[in-house]
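In what follows, every chain begins at residue 1, and chains take the letters A, B, ... in the order their sequences are listed.
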Protein chains: 2
Amino acid sequence: MSRVADALSAAAEPTRRRLLQLLATGPRTVSELAEQFTVTRPAISQHLAVLTDAGLVTARKDGRQRFYSVVPAGITQLRAEIDRFWSTELDLLVDDATKRATTQPEEHRS
Amino acid sequence: MSRVADALSAAAEPTRRRLLQLLATGPRTVSELAEQFTVTRPAISQHLAVLTDAGLVTARKDGRQRFYSVVPAGITQLRAEIDRFWSTELDLLVDDATKRATTQPEEHRS
DNA sequence: GCAATGCGTAAGCCTAGGCTAACGTGTCTC
DNA sequence: GAGACACGTTAGCCTAGGCTTACGCATTGC
C-alpha cells in the first residue's frame, strides 16, 4: 500500500495532473473522468486513491455513484510546497533571465 | 536513453529537486554535489544528465572538473509549465480556501 | 612516461508504480 | 428476488527509472 510519497510527487504524474485539472472545474464521477482517458476505469480509480491519500481530492457518495472533487486546503498545501521549493534563489534566476533577451539559443547535451 | 519525459517530471524527483536548489546558489562540481547526498557520485551524474536533457542545467568544463549551473531560461520555462498547470480553476479554489478558516479538520481516506 | 584525480558511461540489479483482468460489494430498478 | 450499474479492490504483469559496480577517458602533476 505504499502509494507514492509526498503530495508533489503525487501531483506530478501526468494522468493525475489532468485529473486535478478536470476536477478543478467541478465534481465528476469516476466514469465521467475515465472516459477522458485511454486507460481503464480501475486505473483511474487507483489514481484517485493516490490523490485522496495525498489529501488533494475527496469523494462524496451519492447512490451508486461517487462524485470526486478537489480539496481546496490540499491544493493550498501543494501550492505552498511548490513555493517552498521555488525559494528565493530560483526566483532570482528567473528575474535575471527575463531581464535579458527572452529568446536565446538553447543548448542541450548531445 | 529514454530519460524521463517533460521538465516537470524531471524536476519533481526528490534528489533532482535538491540538486536544483543547491545549484541555484551557484555553480558546483559533481563531487561537491555528490557529498551532499548518500547516493554515489555516478548516481548524481545521471541525475545531472536528466536535468541537462530537460534544459534546466548546464555544465562548463574546467580542467578535469565540470561546474554545473542552472540554466535561467530553462527554469523560466519550468515555471511557465507549472503556472500553466496551475490554471485559473485551481487558483480560484485556493482563493476560496484561504477565505475560509485556514485550519480545518482534514479528512483522509481509510 | 606514470599515477592520481574528476568525471561520464555501460551493464545489470531491483523496486516503485502504472496497468489490465477479474472479482467483490453496495445500490437501484423491476 | 434477479439483474444491471457504478464503483473499489486484488493479483499479477511489465516497464520506467534509480541505484551500484566496474570501467573508460581526459586532465593534471610528478
Should B/H47 be listed as having a side-chain N or O under 4.0 Å from OP1 or OP2 of D/dG17?
-> no

Does B/Y68 have a side-chain nitrogen or oxygen under 4.0 Å from the phosphate oxygens OP1 or OP2 of C/dG6?
-> no

For [X] and [N], give me the distance from atom [atom1] to atom [atom2], rounded to whole Å.
X: A/L19; N: C/dG18; atom1: CG; atom2: P; result: 12 Å
X: A/E32; N: D/dA6; atom1: CD; atom2: P; result: 10 Å
X: A/E13; N: C/dA16; atom1: CD; atom2: C1'; result: 12 Å
X: B/L48; N: C/dC7; atom1: CG; atom2: P; result: 10 Å
X: A/R60; N: D/dG8; atom1: CZ; atom2: P; result: 14 Å
X: A/D53; N: C/dG18; atom1: CG; atom2: P; result: 12 Å
X: B/F67; N: C/dG8; atom1: CZ; atom2: P; result: 12 Å
X: A/R16; N: C/dG18; atom1: CZ; atom2: C1'; result: 9 Å

Connected via hydrophobic side-chain network under 4.5 Å: A/L22 and A/V57 | yes

With respect to the side chain of A/V30, which nucleotide from D/dG18, C/dG6, D/dG8 is positioned closest?
-> D/dG8

Estimate the overall bend of the helix from C/dG1-D/dC30 to C/dC30-D/dG1 from the end axes over five pairs each, rounded to 10 degrees.
-> 10°

Salt bridge (Lys or Arg N to Asp or Glu O under 4.0 Å) partners for A/R18, two or more places apart | none

Look only at the side chain of [X] and the backbone of [Y], and say whether a donor-acceptor pair between them is shorter than 3.5 Å.
X: B/R66; Y: B/K61; value: no
X: A/R16; Y: A/A10; value: yes
X: A/R41; Y: A/A34; value: no

Report each atom pair, protein N/O against N/O of nucleotides 20-29 of chain D, whose distance is under 3.5 angstrom.
residue, atom, partner, partner atom, Å
D/dT20, OP2, B/T40, N, 2.8
D/dT20, OP2, B/T40, OG1, 2.6
D/dT20, O4, B/Q46, NE2, 3.0
D/dT27, O2, B/R64, NH1, 3.4

Test side-chain contact (heavy atoms from CB on, under 4.5 Å) applied to A/E13 and A/V50, step by step | CA-CA 11 Å; A/E13 206 276 336; A/V50 172; over 6 Å; no

Which is it for B/W86 and A/I75 under the side-chain contact (heavy atoms from CB on, under 4.5 Å) test, yes or no, and what are the steps along the way?
-> CA-CA 10 Å; B/W86 211 273; A/I75 301 294; 3.5 Å; yes

Residue whose nearest DNA chain C nucleotide is more 5′ - B/Q65 or A/T15 = B/Q65

With side-chain contact (heavy atoms from CB on, under 4.5 Å) as the test, would you mind laying out the steps for B/L19 and B/L56 before giving the verdict?
-> CA-CA 11 Å; B/L19 279 173; B/L56 295 172; over 6 Å; no

Test log, rule side-chain contact (heavy atoms from CB on, under 4.5 Å), inputs A/T29 and A/D62 = CA-CA 10 Å; A/T29 67; A/D62 182 25; over 6 Å; no

